[in-house]
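Please read these numbers as outputs of a predicted model, since none were measured by experiment. Chain naming here is simple, since letters A, B, ... match the order of the sequence lines and numbering starts at 1 in each.
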2 protein chains.
Amino acid sequence: MALAKRPLRVDVVIFAIRDKTLQVLLWKRAEAPFRGAWSLPGGFVGKDEPIEDAARRVLEEETGFTEEVYLEQLYTFAHPKMDPRGELVSVSYYAVATTSRESPDGTFHAARRAPSLAFHHDDVLRRGIHRLRTKAEYSTVPLRFLDEPFTLSDVQAVYEVLLDRNLDKRNFRRKMLALDVLEETQEKRRTGAHRPAQLYRLSSRRTYLLKERGILFPF
Amino acid sequence: MALAKRPLRVDVVIFAIRDKTLQVLLWKRAEAPFRGAWSLPGGFVGKDEPIEDAARRVLEEETGFTEEVYLEQLYTFAHPKMDPRGELVSVSYYAVATTSRESPDGTFHAARRAPSLAFHHDDVLRRGIHRLRTKAEYSTVPLRFLDEPFTLSDVQAVYEVLLDRNLDKRNFRRKMLALDVLEETQEKRRTGAHRPAQLYRLSSRRTYLLKERGILFPF
DNA sequence: CCAAAAGTGTTGGCGTTACACCCATGG
DNA sequence: CCATGGGTGTAACGCCAACACTTTTGG
């Protein structure tokens, strides 16, 4: 069988939480094919470029520095008819951006009501949402949505959005603190007419990464 | 940036359980590079060939008909220096073969003591083992190791190998039956001087697939 | 002094684990 | 009749979910 060669792409589902909603960053395509349609941000992988570097490159173009951004490979698509430009391989990733990230050329859309997307990107998005929601049940990945420092109420709000239900405040706090991945800062946040909230940051990345499995929800 | 094109491969970790041990099917390479070394079975994806078809093709070459074999995409590797033949993309899969499967040109090795492998295949194998063991904790994927019909003791043995610990017989049976994915056959298995064992088969594939999440071990 | 979010402990119920003996058969 | 693996029920424990009030601040 002749050795078929294909271009290699990365397509990235960039999540953020805004307005108590899970949102995804989308591009409006300026060129054919699918001109005018929405798509996920992505790009071709260059010669000699490691694939994860390409994913981080896309991420960086979209949301600035990315050292700290959580990025995970999702799934690889390579249906022959997936792209009208010809056969190619699309490796998808998902990323968890903090709320403060702005994008120069993309727009955030509510993930649940995203428009239908170009190419196979609906499939990618579906998988991304599913994976993220699954991780919310047993991991601390959702902490990556937060700009530091943050309050425990902020953390709870993130989990509530992802799990799509309300959680008990006392149970949530007890379990989250028991994971020992948060560290109190010296400050409190004062916003409005109520008791100030203790601020936290992620404790050392190392510890934090080790704990990215092993929570048991529901709270 | 010039559009770099690469060949596309699939590499498959084919698991089976034999002699109460998790085993992997390996090839001994007959050609350079890595001539004489062990590697995972794999092959290049043909033009116009969907990638999962390619994975099933490899599987079929190795173990005969494969309609029923559980196959799941694992991870995609595309480091520029991964393969001395040049840049390529390797999409890895893992498969769960029943004990009765024989391979014409591969050999089963104990997964824990596998030799070191060619290319990036050590990484693939590591990921495959990890994924499989994880699935043993909350899914019924391990049932796919069994030739039908099978006894509950057979099922327990599979889970014990994967989880690497002994399980309580009564608790195991209760939970497994509660999942409602097994169906009694009319027959019993008579082997040796003891009470015959009730035989089971997987209940309709549909139901079975729906249940592939949501068990909570330990038993 | 009022409103609004932060913060804090205890208990009952349920699910999980732990555990030991009888059954059916072949030799 | 003995050895072997198959098959079965219950009780104690520990963990999780449920639940309401006090604190601190700004206006």
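Taking atom CG on A:Leu177 and atom C1' on C:dG7, their separation rounds to 11 Å, with Å as the unit. Summarising the geometry, the separation between OH on A:Tyr200 and P on C:dA6 is reported as 12 Å, rounded to the nearest angstrom. The interatomic distance linking B:Leu167 (CG) with C:dT16 (C1') rounds to 13 Å, in whole Å. Note: CZ (A:Arg195) to C1' (D:dG27) measures 19 Å, nearest angstrom. With rounding to whole Å, B:Phe172 atom CZ is found 16 Å from C:dA18 atom P. The interatomic distance linking A:Arg189 (CZ) with D:dG26 (C1') rounds to 17 Å, in whole Å.
Here A:Arg29 contributes atom CZ and A:Phe34 contributes atom CZ; the two are 8.0 Å apart, rounded to the nearest 0.5 Å. Put simply, CG on B:Asp11 and NE2 on B:His121 are 3.5 Å apart, with the number rounded to the nearest 0.5 Å.
A cation-pi geometry, defined here as NZ or CZ lying under 6.0 Å from the six-membered ring centre and within 45° of its normal, does not hold between A:Arg131 and A:Tyr94.
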List, with names and distances, any nitrogen or oxygen atoms from the protein found under 3.5 Å away from nitrogen or oxygen atoms belonging to nucleotides 10-14 of chain C.
residue, atom, partner, partner atom, Å
C:dT10, O4, A:Arg174, NH2, 3.3

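Nearest to the side chain of A:Arg173, among D:dG7, C:dG7, C:dT25, sits C:dG7. Among D:dG6, C:dG7, D:dC16, the nucleotide with an atom closest to any side-chain atom of A:Gln198 is C:dG7.
Just one residue in the list B:Lys169, B:Arg173, B:Gln198, B:Arg189 forms a side chain to side chain donor-acceptor pair (under 3.5 Å) with B:Ser153, and that residue is B:Arg173.
Within a 6.0 Å sphere centred on CZ of A:Arg18, other residues, nucleotides and ligands contribute more than 12 heavy atoms.
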Would A:Arg56 and A:Glu60 count as a salt bridge (Lys or Arg N to Asp or Glu O under 4.0 Å) here? Give the steps. CA-CA 6 Å; A:Arg56 291 218 171 257; A:Glu60 192 160 336; over 6 Å; no

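OP1 and OP2 of D:dG5 both lie 4.0 Å or more from every side-chain N or O belonging to B:Ser153. For C:dT17, one of the phosphate oxygens OP1 or OP2 lies less than 4.0 angstrom from a side-chain nitrogen or oxygen of B:Lys175.
Five base pairs at each end of the helix from C:dC1-D:dG27 to C:dG27-D:dC1 define two local axes, and these are offset by 0° (rounded to 10°).
Between the side chain of A:Arg101 and the backbone N or O of A:Thr63 there is at least one donor-acceptor pair closer than 3.5 Å.
Under the 4.5 Å side-chain criterion, counting only non-hydrogen atoms from C-beta, A:Phe145 is not in contact with A:Asp154.
Residue-level contact check: B:Thr191 touches neither bases nor backbone, having no heavy atom under 4.0 Å from any strand.
Comparing B:Arg170 and A:His194 against DNA chain D, the residue whose closest nucleotide sits nearer the 5' end is B:Arg170.
Using modelled atom types, one finds no donor on one side chain facing an acceptor on the other under 3.5 Å when comparing A:Arg9 with A:Ser92.
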